[in-house]
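Here the structure comes first, spelled out in structure tokens, and everything after it is commentary.
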Amino acid sequence: MTLTLRMAERLLLGDAETAPRDDVRFTSVCTDSRAVESGSLFVCIEGERFDGHAFAEAAVRAGAAAVVSSKLLDLDVPVFMVRNTVQTLGLLARGCRDAAHARVLAVTGSAGKTTVKELIAAMAQQDRSVSRNAGNLNNQIGLPLSIFRADPKAALWVMELGISKPGDMDELGVVASPDMAVIHNIGCAHLEGLGDLDGVARAKASLLRHLRPDGQAVVNADHPALLREALALRPDLVRYSTTDKDSPYFCCFTHNLAEGRGRYFIRTPKEQGHVEAPFCGAHFAENLGAAATVGHLLGLDLAALQAGLDALHVPGQRFACRDLHGVTIIDDTYNANPISMHGAIRTAHDMARDNGLPLVLVLGDMKELGNAARSEHEALGALLAECRPEAVFFHGEHAEDVARGCRCNGLVRPVAEPDALLRHWRELDAASSAAGAVVLFKGSRSCRMENYAQALRREL
Ligand code: ATP
Ligand code: MG
């Protein structure tokens, strides 16, 4: 932990007001009073459900050495009074970022940020020390907390940045101030805040405004709107692709291996070859493409990428394939937006088709799509009509939109709880339509599709 009381004073108050007193190095920075330990800096944040100011006294009792607050508090430790405590958290994190030796790599996009971050970290760890955000801490609170927890002596920090409305990227970009930025993809996600696909492209590309002057931009060239916006900011950007074989950095999926593993072909300006990954499907090729590109720019070769893949801890609920008594369960229940939904369905469809097996889809709503919700669920229906699965079970308010887009009478069956799925499953089973099926579970976080996956696992 780099941050000290003096450093915080300097960052928040300026040098002039620094009181002459012994310095204290904070042991951690916390926004949750339950995580406070002796010597922590506690930052009061007003959330939707809780106001952190109400827990400031408890934080001090638990050992907090100082508090950042936007309300008057009477406490026995130094209190930094600020107007906006979230911005202050970012300001303090930026101070730590500037004080660290690490090269900072920021990854943003609509789908696959955590996967790409983990991939790059696993690869780079082969020859250097790396810190990265814990889990998915990627917003205006999570990114600073990730930075406070990062090792200031590490050679590389890999940080995922997640946004949901205009302006978010500027706030995150200022905090991360990256040496390298990967803009991975755009899709219809967070349209409630970002408007349309062009709005998503503009917002993601705006990270490039925050690159350090000698920084490097790395952009997925398969998304024309994104490429256009990014080129306007950084004509010298490095591009990777999964479709353009002439791209200097290219990656494509070749085939599925056993136990949910996949084989991919990669080419960089230095070398080309195959890697074996603990995930599968064409929609993960761009994740590997991003990692291979960054790897080459950092002086790492495909052998390091393969070693990283061998050591990779794949975060759960992200297209995790498991064979259970002859049925392939694909747990992709972490979340869903149109880009990841289409990718997952196409990949599951190919897995079933290549092995002559039935495909069963257990899907849930895609949330936060604003005005595009109806048309995006109709488009999902159209994809289902194309894939022709054995059965589709749909949980959520958009079941009718999906059925309308699908136009296959009776294919999309609404389900309200896991027991309903099990009743349908038993019927399929009795008609021998479920034997050896590939079953994909996917929906937005709030649909909790893992409950459906869990129910079927128990049934099997
Ligand atoms: P979040 O916005 O929640 O932080 P993320 O961008 O970090 O998400 P991941 O956590 O890596 O993304 O994956 C989220 C979902 O998208 C998972 O269901 C995963 O299987 C799927 N996914 C991962 N990479 C891709 C990709 N390149 N294209 C489509 N879907 C993907
Ligand atoms: Mg993530």
Side-chain angles (χ1 to χ4, degrees), residues 106-122 132-143 146 158-165 168-169 172 182-191 193-194 200 203-204 207 220 222-223 226 240-243 251-253 260 262 264 277-293 312-321 330-348 351 361-364 366-369 380 383 440-450 453:
V107 181
T108 193
S110 294
K113 296 179 291 295
T114 298
T115 309
V116 169
K117 180 238 327 172
E118 294 293 328
L119 266 172
I120 292 173
R132 61 193 198 278
N133 352 39
N136 201 36
L137 290 177
N138 65 13
N139 63 11
Q140 284 92 322
I141 297 169
L143 175 67
S146 297
V158 191
M159 294 288 161
E160 149 181 8
L161 275 47
I163 63 169
S164 54
K165 56 185 190 316
D168 282 355
M169 191 60 89
L172 295 172
V182 178
I183 311 197
H184 189 43
N185 52 31
I186 50 164
C188 295
H190 299 296
L191 291 185
L194 298 172
V200 177
K204 304 274 180 205
L207 173 59
N220 186 339
D222 294 340
H223 300 264
L226 174 61
Y240 59 97
S241 174
T242 61
T243 54
C251 177
C252 67
F253 174 63
Y264 296 80
F279 44 74
C280 64
H283 65 310
F284 272 63
E286 61 183 9
N287 300 351
L288 273 171
T293 308
L312 186 70
H313 165 70
V314 183
Q317 295 172 275
R318 286 162 177 90
F319 213 82
C321 304
I330 306 176
D331 181 346
D332 202 16
T333 59
Y334 167 68
N335 217 342
N337 59 32
I339 186 173
S340 68
M341 186 64 106
H342 285 237
I345 291 174
R346 285 190 188 285
T347 294
M351 286 166 71
L361 301 172
V362 185
L363 308 177
M366 299 177 287
K367 302 288 190 193
E368 294 182 69
L369 291 174
L380 169 59
L383 174 67
L440 170 70
F441 294 86
K442 187 166 182 72
S444 271
R445 186 81 300 277
S446 61
C447 297
R448 301 188 63 86
M449 297 308 290
E450 61 271 25

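Note that ligands are numbered from 1 as they come in the structure, with each ligand's atoms numbered from 1 the same way.
- The nearest protein atom to atom 16 (O) of ligand 1, hydrogens excluded, is given as Ser340 CB, 3.3 Å; this is a heavy-atom distance.
- Nearest to atom 18 (O) of ligand 1 among the protein's heavy atoms is Asp332 OD1, 2.5 Å.
- Counting only heavy atoms of the protein, atom 3 (O) of ligand 1 lies nearest to Tyr334 OH, 2.7 Å.
- Each of Asn138, Asn287, Asn136 was compared with Thr114 under the side chain to side chain donor-acceptor pair (under 3.5 Å) criterion, and only Asn136 meets it.
- The proximity of Asn136 to ligand 1, defined as any non-hydrogen pair under 4.0 Å, is limited to the side chain.
- With atom 24 (N) of ligand 1 as the reference point, the heavy atom nearest to it among Val116, Asn287, Thr114 is part of Asn287.
- Side-chain contact between Leu312 and Leu119 is present, with at least one heavy-atom pair separated by less than 4.5 Å.
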- Message: Between Glu118 and His313, does the side chain to side chain contact (heavy atoms under 4.5 Å, CB included) criterion hold? Intermediate values first, please.
- Response: CA-CA 8 Å; Glu118 294 293 328; His313 165 70; 5.6 Å; no

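- Here 3 is the count of protein N, O or S atoms positioned under 2.8 Å from the Mg ion (ligand 2), waters not counted.
- Heavy atoms of Lys442 approach ligand 1 to within less than 4.0 angstrom.
- Of the listed options Ser110, Gly112, Gly289, Gly112 places a heavy atom closest to atom 12 (O) of ligand 1.
- With hydrogens left out, the protein atom closest to atom 2 (O) of ligand 1 is Lys113 NZ, 2.9 Å, a heavy atom.
- Looking at Asp168, its side chain never comes within 3.5 Å of a backbone N or O of Asn139 through a donor-acceptor pair.
- Around atom 28 (N) of ligand 1, the closest heavy atom drawn from Glu160, Glu118, His283 belongs to His283.
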